[in-house]
Amino acid sequence: LSVMFINLLGFGIIVPLLPFYAKSFQAPAWQVALIFSAYATGAFFGEPFWGRISDAIGRKPILISTVTGNCLCYLALAFAPNIFVAFVVRFLGGMASGNGAVIQGYIADVTPPEQRTAKMSLLGAAYNIGFIVGPALGGLLAHPSAGHAGFRIPLLIASGLSGLCVLGLATFLKESRTHRRISSRPSRWAVLSTAATNPVVSRLMLVTFLAGCAFNGIESVFGLWTQARFQWGPQQVGTAFAVTGVVSAFCQVAVTGRLSRRLGEARVLAAGMALTTTCAFLQPFSASGW
């Protein structure tokens with residue numbers, strides 16, 4: 001849980017800063033968006049890779065190595081000399097952060113089957129807390145008026161937190177899986193093909209893909225838009241993301257589950273998507289920062 005919290009804390013610290021950080025290199029808007037995409041692309045390749053490797057050699061060494069990678073990537077980002085280097089570092093950082101499958105695997109290893117759903121839900125809590133604290137902290141510590149150097153303090157703090165997490169993993173975490181070589185298992189393409197041909201799973205995958213595109217699209221341009229429209233800086237953008245995290249956490253804990261049990265998952269999912277669509281449509285017409 002601490003690893004997931006650190007992952008999202010570091011991610012959250014960076015989110016409100018990235019548009020302003022990229023602009024400190026005089027990067028155009030498309031390059032700013034590319035910086036966001038680099039992280040997600042790295043995570044796309046890292047997630048299945050780390051999961052499969054951890055099945056073979058154990059969870060602990062993979063968690064230590066990926067969080068160490070995060071630590072070094074945040075450090076490198078603080079001193080990146082140009083936008084191209086920043087792009088490469090973000091891609092590598094995304095790969096290192098793609099350890100969610102390893103964390104889930106560890107929890108499954110050490111938790112009785114009847115308790116797994118409850119324990120897995122704690123991952124969502126760690127995710128949300130990291131995304132609440134991170135943006136607020138990143139926005140508070142950034143100083144865009146100092147130019148590129150004004151973003152080093154939050155990046156160094158994200159690196160330091162990852163370093164502390166590595167020490168905690170090395171000191172306190174016990175290996176949960178017996179080291180063994182996996183003799184045979186289906187390839188990821190076979191698994192993807194099976195999921196894509198399932199009428200229910202394929203539709204859920206499509207919904208998740210479209211929702212992810214929308215969320216990340218807004219996320220990447222939100223800082224630039226609010227700066228142009230309301231003269232916002234990292235502090236205001238970070239506060240907005242933190243508020244989003246608080247509302248999301250509250251809904252996950254107090255609203256979604258209860259409504260799903262009463263009305264059914266499909267109706268609640270449709271209602272949530274309708275609300276998201278409405279708010280995304282109304283966002284460009286906001287008359288003020290509030």
Side-chain angles (χ1 to χ4, degrees), residues 1 4-5 7-9 11-12 15 36-37 39-40 43-44 47-48 51 97-98 100-101 103-105 107-108 111-136 188 190-222 225-226 237 239-287 290:
L1 291 176
M4 182 57 73
F5 173 73
N7 277 359
L8 268 296
L9 183 64
F11 179 76
V15 164
F36 279 88
S37 297
Y39 184 90
F44 173 79
E47 194 82 35
S97 292
I103 299 169
Q104 291 180 25
I107 291 177
T111 307
E114 66 274 9
Q115 297 180 19
R116 282 177 187 167
T117 301
K119 297 297 184 184
M120 291 293 182
S121 68
L122 294 176
L123 279 178
Y127 181 101
N128 281 312
I129 294 171
F131 204 66
I132 291 167
V133 177
R188 71 187 67 177
V191 174
L192 180 61
S193 175
T194 301
T197 54
N198 184 297
V200 176
V201 175
S202 60
R203 291 170 188 171
L204 285 174
M205 288 172 63
L206 179 61
V207 168
T208 304
F209 171 75
L210 294 175
C213 287
F215 176 77
N216 288 300
I218 292 172
E219 184 182 76
S220 63
V221 80
F222 185 77
W225 175 72
T226 53
V237 175
T239 300
F241 276 106
V243 168
T244 302
V246 171
V247 175
S248 176
F250 173 80
C251 287
Q252 281 192 339
V253 172
V255 178
T256 306
R258 294 180 182 180
L259 287 181
S260 295
R261 287 190 294 271
R262 182 178 301 178
L263 303 175
E265 287 88 347
R267 290 181 179 177
V268 173
L269 177 60
M273 287 295 170
L275 183 59
T276 299
T277 303
T278 302
C279 292
F281 176 79
L282 293 175
Q283 185 76 77
F285 303 102
S286 303
W290 282 107

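Nothing fancy with the numbering, it's 1 onward along the sequence. All heavy atoms count here, side chains included; hydrogens, waters and symmetry mates do not.
- Of the inter-residue distances, the one linking Ile132 atom CD1 with Leu9 atom CG reads 11.5 Å to the nearest 0.5 angstrom.
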Problem set entry | Leu204 and Leu269: CA distance, side-chain angles, deciding distance, side chain to side chain contact (heavy atoms under 4.5 Å, CB included) verdict | CA-CA 10 Å; Leu204 285 174; Leu269 177 60; 4.2 Å; yes
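- Every residue meeting the side chain to side chain contact (heavy atoms under 4.5 Å, CB included) condition with Ala108, not counting sequence neighbours, appears here in chain and number order: Arg116, Met120.
- Looking at every heavy atom in both residues, Gly130 comes nearest to Pro135 through O-CD, 4.0 Å.
- Qualifying side chain to side chain contact (heavy atoms under 4.5 Å, CB included) partners for Leu206, counting only residues two or more places apart in sequence or in other chains: Leu210.
- Residues Pro199 and Ser202 come closest through the heavy atom pair O-OG, 3.3 Å.
- In this structure, Ala211 and Met273 approach most closely via the heavy-atom pair CB-CE, 3.7 Å.
- For the pair Thr194/Val201, no side-chain contact is recorded, criterion being any heavy-atom separation below 4.5 Å from C-beta on.
- Note on residues 255-267: no pairs pass side-chain hydrogen bond (donor to acceptor under 3.5 Å, both in side chains), not counting sequence neighbours.
- Considering only heavy atoms from C-beta on, Ile218 stays 4.5 Å or farther from Gln283 through its side chain.
- Looking only at distances, a side-chain donor or acceptor of Thr226 sits under 3.5 Å from a matching main-chain atom of Phe222.
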